[in-house]
Amino acid sequence: MALVPAIHSSTPLLTSPVPIFLAVLLIILVTPIVLNKLRIPQVIGLIVAGVTVGPYGFNLLARDMSFEVFGQVGLFYLMFLAGIEIDMYHLKKNLRKGLVFGLYTFMIPLALGAVASGILLGLDALTAVLMASMFSAHTLIAYPIVSRFGLTRSAPVVIAIAGTIFTVLGSLIVLAGVVGTFHDGEFRISGTLKLLGLLAAYCIVLVYAYPRLTRWFFKHWNDSILQYVYVLAMMFTAAQLAIWAGIEGVFGAFFAGLVLNRYIPARSPLMSRIEFVGNAIFIPYFLIGVGMLINVGVVTRGWSTLYAAGVMSGVAMCTKWLAAFVTQRTFGMNSVERSMMYQLSNAHTAVALAVVMIGYGMRLFDEVILNGTVIMILVTCTVSSIGSSRAASRLKVMALEEEADDGSRAADHGRKRENVLIPVANPVTARELVDLALLMRDRGRANGKVYALHVRNDNSAASRSLGRVSLDTAEKAAASVDAGIEPIDRYDLNFVTGVVNTIEERDIDRVIIGLHRRTTIIDSFFGDKLPNLLRATNKMLVISRFFIPVNTIARIVVAVPANAQYETGFQAWVTALCNLASQLGCRLIFCCSDPTRRFVEAVIKRGQYEIRSEYRKVEDWDDFLMLSNKVLDDDLFVVVNARRASVSHAGYLDSMPEFLQKYFASNNMIVIYPEQFGERMEEMTMTDTLTTDIATVSSPLWLRVNSVYNRLVKLKKRVTQRGRRQKIDL
């Protein structure tokens, strides 16, 4: 998609590959450093740098094949990131608004642009419609600015992104209709219907094939490099299929991002690599390449070029503003949200280049329009970048003010930090545990620390080496998502003693540990360490076992015992599962009683967790048994258990390990023991913690009485039900 109006014939100063690539890297390095002090958006700096070093500037670099390739990759990467960073919950929530905005921002520039082009530029009807299609479509060139502010999930940004794909498709359909009319001498609807049919078939194929292929690949290959290459291959495959279908490649890249969205969590190492490579190399290359297309010298070629450029730029920006204004009025949005939608949809690059080159090749556009398009690209990209930066700053301030005004949530998040402990016994499971801990981490308590602990009671070189390797693996897993983790290599009496001592020393709130793997037939489900650890601490304990990568989980099914809402750590485990579901983009299904359901809904509403949550009524053990037939291999089965003598403990929970081993031996599983009682055991010695049942020592009298009462009530209920069944049988 090259635009080459009279490229310099002189040889550029730099022609060798190494100096060319070095010059580009220096531009990418120096531009943000300089422009941050001047408070100029980085996007503008890269475009201006491309103008300066390009063939229309000092002619240091030629826009050779490397800029063609990397520029195209950067454009696809930009659209792919826009699709993959969208929160699907917010997209579905704002889909109607996005489609309405897309209709406005396509039809208003198309209609008014065609009229203005005919009246002000004297174009015929067919040429005016072709030019108006340039005004309708836009490029998300300012998206990196919004992403840097962390606003990719805000409503106006999601609406603008959803509207983008509508305008791109609409402009391509108009372009196809104009080209067909030009060649056939009349408009034929068959060509448009053919394009729409290919578009529908294309979307169906990707929606059906990509999720299945991605889940299969991620299950069999967990290597981070292979997964990154796979994602890029899927992006370019979608782009090429779109081109073969007669659709623009940018649509294919964007749609691939939407389809792959749920398999790449925002806090995953894979997402960090995708963002890093795109923002460091490919997208800057694209912006520099756009700058190299711009010939500032066309301004001096007469008033006709300036007039055409002024009309095109004015019509493009005014019609886009009008579309954003109508959308604001339609949905009752504020001026900051309108400004955000307008500025994101204001830049014209990719489709404008395609349209003007096709029109120039068919001799519908002359050199005046060609040069005017170049100036329009420069003006709209500059205004869009500066305006998006200002709008994003104001929108960020509004978001922070709204969060500060939410007193209840601020109080919850500011009450204490959330410190997480991850005992790692070997490097094989270390990465899995760290990934799970970071995905479950509360957004409002991110100021807490994450500790990786390796406990050994052997001071040999082999034991120290195993600990070092395990902790290094945990550190690398955290570093891959830009998260800090503090390693602890501890020599102690045994595993339980080391964990309990660390909990007390580091003020730990949550312990995440891998499930014991059975080695013999007589070995128990939890092994011998976890029961001792449960008796020794009242902190929240998360026991995990995964057979597939966590990012391929389809649903999270949670089994909750009665009265779980009365435990001290109820809100903590609900919040952790909400964070996990939000990152994975999957449904969260709670199997619980009606009273517990109301408390779960209150926690989700109070925390403003925008997730898809469902509820299934579970009252007794018989209902719980039915879950074994409903949990699939791609689901995550979460069991909320309870320590003895706690409010939510029931008799059937004692046989839970054997039940899980019998019916859920091949399922992905998490067993959660919530924090209970909320009191520290400072009066107990370390020896006592390993031999004494903590429930019988530290639980208040009313808790024990309440537990006995609950057991009697449930026993009476079971006897009554059994009597009814016997009567029915008789």
Side-chain angles (χ1 to χ4, degrees), residues 1 75-76 79 82-83 95 98-118 123-140 160-207 238-256 258 312 315-316 319-320 323 345 347-362 364-365 373:
M1 192 186 300
L75 177 59
F76 289 168
M79 297 302 296
L95 184 59
L99 292 178
V100 172
F101 173 69
L103 180 64
Y104 287 155
T105 198
F106 171 71
M107 293 302 302
I108 292 177
L110 183 66
L112 297 182
V115 173
S117 298
L123 302 178
D124 60 79
L126 188 64
T127 308
V129 171
L130 183 62
M131 175 172 284
S133 67
M134 285 195 300
F135 304 150
S136 296
H138 56 265
T139 305
L140 294 172
I161 294 174
T164 298
I165 204 63
F166 189 96
T167 61
V168 170
L169 288 176
S171 297
L172 293 176
I173 293 173
V174 172
L175 176 60
V178 170
V179 172
T181 303
F182 178 79
H183 289 300
D184 300 335
E186 61 179 354
F187 175 72
R188 295 181 179 178
I189 196 172
S190 59
T192 303
L193 293 178
K194 179 182 178 181
L195 181 61
L196 292 176
L198 289 173
L199 174 63
Y202 172 85
C203 294
I204 292 174
V205 169
L206 256 66
V207 169
Q240 187 58 52
L241 290 176
I243 294 173
W244 286 340
I247 312 168
E248 189 64 28
V250 293
F251 171 78
F254 177 80
F255 195 72
L258 286 180
M312 295 172 65
V315 171
T319 53
K320 286 293 183 181
S345 62
H348 299 74
T349 305
V351 178
L353 292 175
V355 171
V356 75
M357 288 306 300
I358 292 174
Y360 187 71
M362 294 189 305
L364 292 176
F365 295 150
T373 302

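Computed from a predicted structure; not experimentally measured. Computation of the quantities below employed the complete heavy-atom set of this structure, encompassing side-chain atoms and omitting hydrogens, waters and symmetry-equivalent molecules.
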| task | Check step by step if side chain to side chain contact (heavy atoms under 4.5 Å, CB included) holds for V129 and V174. | result | CA-CA 8 Å; V129 171; V174 172; 3.8 Å; yes
Shortest non-hydrogen contact from [X] to [Y]?
| X | Y | value |
| --- | --- | --- |
| A128 | G118 | CB-N, 4.1 Å |
| F135 | A316 | CD2-CB, 3.8 Å |
| F166 | L99 | CD1-CD2, 4.5 Å |
| L130 | V355 | O-CG1, 3.4 Å |
| S136 | T167 | O-CB, 3.6 Å |
| A132 | G113 | CB-C, 3.8 Å |

Roughly how far apart are [X] [atom1] and [Y] [atom2], rounded to 0.5 Å?
| X | Y | atom1 | atom2 | result |
| --- | --- | --- | --- | --- |
| D124 | L364 | CG | CG | 7.0 Å |
| Q240 | F76 | CD | CZ | 8.0 Å |
| Y104 | T319 | OH | OG1 | 15.5 Å |
| I204 | L199 | CD1 | CG | 9.5 Å |
| S345 | I161 | OG | CD1 | 11.5 Å |

| request: State, yes or no, whether a side-chain contact exists between Y202 and V207 at a heavy-atom distance under 4.5 Å. | output: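 No, every pair of side-chain atoms sits at 4.5 Å or beyond.
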| query | Is there a side-chain contact between I173 and L196, using heavy atoms and a 4.5 Å cut-off? | reply |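 Heavy-atom side-chain distance check passes, below 4.5 Å.
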| Does the side chain of T139 pick up a donor-acceptor pair with the side chain of H348 at under 3.5 Å? |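 No, no side-chain donor-acceptor pair sits under 3.5 Å.
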| request: Show your working on side chain to side chain contact (heavy atoms under 4.5 Å, CB included) between F254 and T164 and close with a plain yes or no. | output: CA-CA 10 Å; F254 177 80; T164 298; over 6 Å; no
| message | Checking S133 against F106 for the side chain to side chain contact (heavy atoms under 4.5 Å, CB included) test, could you report, in this order, the C-alpha distance in whole Å, the side-chain angles of both residues, the deciding distance, and whether it holds? | response | CA-CA 8 Å; S133 67; F106 171 71; over 6 Å; no
| task | Please lay out, stage by stage, how T105 and H138 fare under the test side chain to side chain contact (heavy atoms under 4.5 Å, CB included). | result | CA-CA 9 Å; T105 198; H138 56 265; 4.2 Å; yes
| query | Just by distance, do the side chain of K320 and the backbone of P109 share a donor-acceptor pair under 3.5 Å? | reply |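 Pair absent, no side-chain N/O of K320 close to backbone of P109.
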